[in-house]
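All values derive from a computational prediction rather than experimental measurement. Letters A, B, ... are given to chains in the order of the sequence lines, protein chains preceding strands, and every chain is numbered from 1.
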Amino acid sequence: MTTDIKFSYIKKQNTHFQFHFMNPKFPNTLTLNHMASCSNIDTLPEDCVSKILSYTSPKDACTFSMVSSTLQSPANSDTLWRTFLPSDYDHILSRTLNPLTLQPSSYKHLFYSLSQQPLLLDKGNISFKLDKCSGKKSYILSARELSITWSNDPMYWSWRPTTESR
Amino acid sequence: MAEEVSSQMNSLSISETNPSSSATISLVSGDDIVFKVEPTIAKEMETVQSFIDETDGKITTIPLPNISSHDLPYVIEYCEKSIAGKITKEFEAEFVKKLNNEEVKELFLAANYLNIKKLLDFLSQVIADRIANKSVEYVRRYFGIENDFTPEEEAKLREELAWTFTGVDPDDEDEN
């Protein structure tokens with residue numbers, strides 16, 4: 001069976017096209033708007049750009065936010081920065097000594113807070129921080145919490161304060 | 001030149017002589033070249049499939065004005081491999097080796113337009129790899145984006161994000 005179809009393109013602005021399918025067998029004209037038909041990367045939907053950036057690193061996303069004003073929004077988006085946070089970030093946050101100090105306005109803000117200021121977890125015996133460039137987790141453990149063979153025996157181990165320790 | 005025209009006419013006339021073959025779907029590129037594909041290929045392209053579904057399968061010629069005849073074969077090749085379950089790391093590495101920066105971008109836009117999730121994911125990764133750890137200027141050149149910040153705005157951003165400028169890869173020559 002042959003279906004006779006005529007179609008015409010109506011150019012809308014520069015990037016968006018509208019199709020009209022006129023088919024004698026169908027009384028209603030089928031019209032499809034192609035919002036996704038874009039000519040360049042900076043006219044792509046925000047989630048598309050965020051998707052590309054989610055395969056990069058927090059550092060690359062920051063670089064991207066300096067490219068142009070139109071790309072600032074996808075490069076700073078919550079969708080994107082959520083992917084840079086550890087998947088178990090809410091569990092980590094639930095272990096903080098003082099959760100009230102963290103009241104982030106966005107995922108990017110939360111990421112920045114976690115990469116700038118170490119967070120004390122589990123009664124203050126673990127210090128947690130995110131690496132600013134890669135988003136990797138880093139922990140500093142309390143030496144007193146470690147179970148070290150003969151740690152109580154001064155013959156083998158002694159406790160000495162160091163300037164970097166808390 | 002004359003040969004090129006005649007080959008285009010050929011490919012168009014093939015589709016005209018056989019318009020009723022409902023087994024295949026004709027995809028028409030922006031430059032009016034007809035590509036005949038199996039319906040299973042069309043299924044991979046959500047945008048195309050929705051055209052077909054909305055007309056109960058009666059429309060089998062789909063115009064794709066945003067996709068050139070240069071890019072469409074790559075898209076079809078990827079979809080064929082995808083259906084055959086043959087998307088391997090090796091295939092993807094070979095596939096991407098053939099593409100320059102411009103082609104990667106065009107295919108990304110095509111995959112987005114056709115809504116082919118697997119290809120879109122794959123190309124997102126490819127683009128991400130190509131802009132990873134590059135300078136702001138490199139990324140601008142890569143995407144062909146104009147800097148629309150005022151010098152004051154840019155200076156402020158650069159100061160805020162000064163930490164991102166350490167350890168950036170040197171800008172190598174663009175592949176294009």
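Atom CD of A:Q116 has more than 12 neighbouring heavy atoms from other residues, nucleotides or ligands inside a 6.0 Å radius. Within 6.0 Å of CD on B:E77 lie more than 12 heavy atoms contributed by other residues, nucleotides or ligands. A 6.0 Å sphere centred on NZ of B:K86 holds no more than 12 heavy atoms belonging to other residues, nucleotides or ligands. Within a 6.0 Å radius of NZ in A:K137, other residues, nucleotides and ligands contribute more than 12 heavy atoms.
Counting heavy atoms from C-beta on, the side chains of B:F165 and A:T63 never come closer than 4.5 Å.
A:S65 approaches B:L161 most closely through the heavy-atom pair OG-CD1, 3.7 Å. Nearest approach of B:T164 to A:K59, heavy atoms of both residues: O-CE, 3.2 Å. Here the closest heavy-atom approach between residue A:M66 and residue B:F149 is recorded as O-CE1, 3.3 Å.
No part of B:N115 comes within reach of chain A, as not one of its non-hydrogen atoms sits under 4.5 angstrom from that chain. Residue A:S54 does not touch chain B at all, counting heavy-atom pairs closer than 4.5 Å. B:I131 touches chain A through backbone and side chain together, each having a heavy atom under 4.5 Å away. The contact between B:V168 and chain A is made by backbone and side chain atoms together, counting heavy-atom distances below 4.5 Å.
With hydrogens and angles disregarded, no donor-acceptor distance shorter than 3.5 Å links the side chain of A:D60 to the backbone of B:A132. For A:K132 (side chain) and B:W163 (main-chain N/O), no donor-acceptor pair under 3.5 Å exists by modelled atom type.
The OG atom of A:S68 sits 5.0 Å away from atom CD1 of B:I145, with the distance rounded to the nearest 0.5 Å. Here the straight-line distance linking atom CG of A:L71 with atom CG of B:D148 works out to 8.5 Å at 0.5 Å rounding. Between B:R130 atom CZ and A:T56 atom OG1 the span is 15.5 Å, to the nearest 0.5 Å. The OG atom of A:S69 sits 7.5 Å away from the CD atom of B:E153 when rounded to the nearest 0.5 Å. Atom CG in B:N112 sits 3.5 Å away from atom SG in A:C48 (nearest 0.5 Å).
Note: the hydrophobic cluster containing A:I140 does not contain A:L93 (ILVMFWY, side chain heavy atoms under 4.5 Å, direct or indirect links).
The choice from B:N133, B:V139, B:D129 that makes the most heavy-atom pairs within less than 4.5 Å of chain A is B:N133.
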The test is side-chain contact (heavy atoms from CB on, under 4.5 Å); show your working for A:Q72 and B:L157 and say whether it passes.
CA-CA 11 Å; A:Q72 275 195 307; B:L157 278 172; 3.8 Å; yes
Does the ring-ring contact (aromatic ring centres under 6.0 Å, His included) test come out yes or no for A:Y55 and B:F122, once each step is laid out?
CA-CA 10 Å; A:Y55 289 101; B:F122 167 56; over 10 Å; no
